[in-house]
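See structure below.
Per chain, numbering begins at 1; letters A, B, ... match sequence-line order. What you see is a predicted model; the values in this text were computed from it and never measured.
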Amino acid sequence: MHYWLMKSEPGTFSIDALARKGSEPWDGVRNYQARNFMRDGMRVGDGVLFYHSNCAVPGVAGLAEVASAAYPDPSQFQPRNPHYDPDSPRDAPRWWLVDVRFVRKLDQIIALDTLKADARLGDFALTRRGNRLSVLPVSAAQWRIILSHEKDSA
DNA sequence: GCCAACGTTGGC
DNA sequence: GCCAACGTTGGC
């Protein structure tokens with residue numbers, strides 16, 4: 001069992017949107033490191049922190065889980081799709097994704113500010129200076145520490 | 001293989 | 001909307 005954090009802009013796809021849909025293919029990732037985490041690292045049932053980026057209060061908005069093994073991202077082959085990649089060979093797709101299933105929405109966002117201020121998290125890919133990875137690993141310890149902040153507002 | 005130009009991410 | 005950080009592209 002491994003843990004991950006996946007970023008989404010709530011204006012594009014929020015935790016509420018995932019709650020409505022139940023499960024969603026995490027398409028459009030066009031970064032090799034993020035792709036490798038999905039394709040090579042993720043297993044069905046892994047825990048996912050659903051993170052809202054590029055918004056008023058960036059932070060963890062809910063919990064999800066990996067719902068499928070990795071498979072080729074169909075959007076790379078669709079010419080009208082903004083994520084179309086004409087250089088990706090059909091017989092050796094460049095971009096892969098997993099399905100992500102809704103687990104629950106948090107009562108309150110666990111803000112990026114809160115995570116930055118928590119020294120217990122140690123070296124964390126999310127808060128590393130300049131990090132823009134949209135899919136990143138979270139250790140079991142970090143997962144527990146992050147979710148401990150849920151109680152802050154209760 | 002170097003590196004400048006360019007596009008994107010994402011916090012602020 | 002701004003801009004720093006960073007990945008990618010392409011000329012040489």
Side-chain angles (χ1 to χ4, degrees), chain A residues 2-21 24-42 46-66 70-139 142-143 145-150 152-153:
Chain A
H2 289 95
Y3 301 94
W4 310 93
L5 182 146
M6 300 174 87
K7 297 179 185 175
S8 183
E9 303 192 12
T12 304
F13 191 73
S14 66
I15 188 70
D16 292 320
L18 184 64
R20 282 193 299 274
K21 300 197 73 172
E24 179 77 359
W26 205 264
D27 66 357
V29 171
R30 295 294 180 268
N31 170 283
Y32 288 105
Q33 217 181 334
R35 179 216 50 194
N36 291 346
F37 287 135
M38 287 198 288
R39 188 187 61 184
D40 309 326
M42 290 188 180
D46 280 359
V48 173
L49 300 170
F50 192 107
Y51 180 92
H52 281 177
S53 67
N54 237 322
C55 55
V57 184
V60 176
L63 303 186
E65 65 183 8
V66 175
Y71 60 95
D73 181 344
S75 68
Q76 69 194 303
F77 300 123
Q78 298 161 356
R80 288 201 192 79
N81 192 293
H83 302 294
Y84 178 55
D85 182 353
D87 298 325
S88 177
R90 285 257 176 198
D91 56 356
R94 184 178 286 178
W95 305 114
W96 294 66
L97 55 68
V98 297
D99 292 343
V100 171
R101 182 188 302 124
F102 178 78
V103 173
R104 68 184 171 91
K105 182 181 177 178
L106 301 187
D107 291 334
Q108 191 168 322
I109 297 252
I110 300 171
L112 175 60
D113 281 349
T114 303
L115 302 180
K116 276 185 181 167
D118 190 340
R120 297 174 300 162
L121 289 172
D123 182 36
F124 186 25
L126 180 73
T127 50
R128 239 175 256 155
R129 184 170 150 280
N131 198 292
R132 300 177 306 158
L133 256 188
S134 65
V135 176
L136 52 99
V138 176
S139 73
Q142 288 167 338
W143 174 277
I145 291 163
I146 291 166
L147 290 181
S148 75
H149 287 287
E150 262 198 296
D152 293 354
S153 55

Tell me every residue that passes side chain to side chain donor-acceptor pair (under 3.5 Å) with A/D123, counting only those two or more places apart in sequence or in another chain. A/R128

Give each protein N/O atom lying under 3.5 Å from an N/O atom of nucleotides 3-6 of chain C, with the pair distance.
from	atom 1	to	atom 2	distance (Å)
C/dA5	OP1	A/R129	NH2	2.9
C/dC6	OP1	A/R129	O	2.9
C/dC6	O2	A/R132	NH1	3.2
C/dC6	O2	A/R132	NH2	2.6

Considering the options A/T114, A/L49, A/L126, which one meets the side-chain contact (heavy atoms from CB on, under 4.5 Å) requirement together with A/I146? A/L49

Give one of base, sugar-phosphate or nothing for A/L133, where a contact means two heavy atoms less than 4.0 Å apart. sugar-phosphate

Apply salt bridge (charged side-chain N to carboxylate O under 4.0 Å, His left out) to [X] and list each qualifying residue two or more places apart in sequence or on a separate chain.
| X | value |
| --- | --- |
| A/K105 | A/D16 |
| A/D118 | A/R120 |
| A/R132 | none |
| A/K21 | A/E24 |

Near-strand residues of residues 52-62 of chain A, defined as heavy-atom separation under 4.0 angstrom from DNA chain B: A/S53, A/N54, A/P58

Just N and O in the side chain of A/K7: are any of them under 4.0 Å from OP1 or OP2 of B/dT8? no

Quick one: is A/Y51 getting a side-chain N or O under 4.0 Å of the B/dT9 phosphate, OP1 or OP2? no

What pairs of residues pass the side-chain hydrogen bond (donor to acceptor under 3.5 Å, both in side chains) test when at least one of them lies in residues 89-100 of chain A, not counting sequence neighbours? A/Y71-A/D99, A/D85-A/R94, A/D85-A/W95

Taking side-chain hydrogen bond (donor to acceptor under 3.5 Å, both in side chains) as the cut-off, I'd like each qualifying pair that reaches into residues 46-66 of chain A, sequence neighbours left out, listed once. A/W4-A/D46, A/E9-A/N54, A/E65-A/R101

Rounded to the nearest Å, what distance is computed from the [atom1] atom of residue [X] to the [atom2] atom of nucleotide [N]?
| X | N | atom1 | atom2 | result |
| --- | --- | --- | --- | --- |
| A/Y32 | B/dT8 | OH | P | 16 Å |
| A/R30 | B/dG7 | CZ | P | 19 Å |
| A/H83 | B/dG7 | NE2 | C1' | 15 Å |

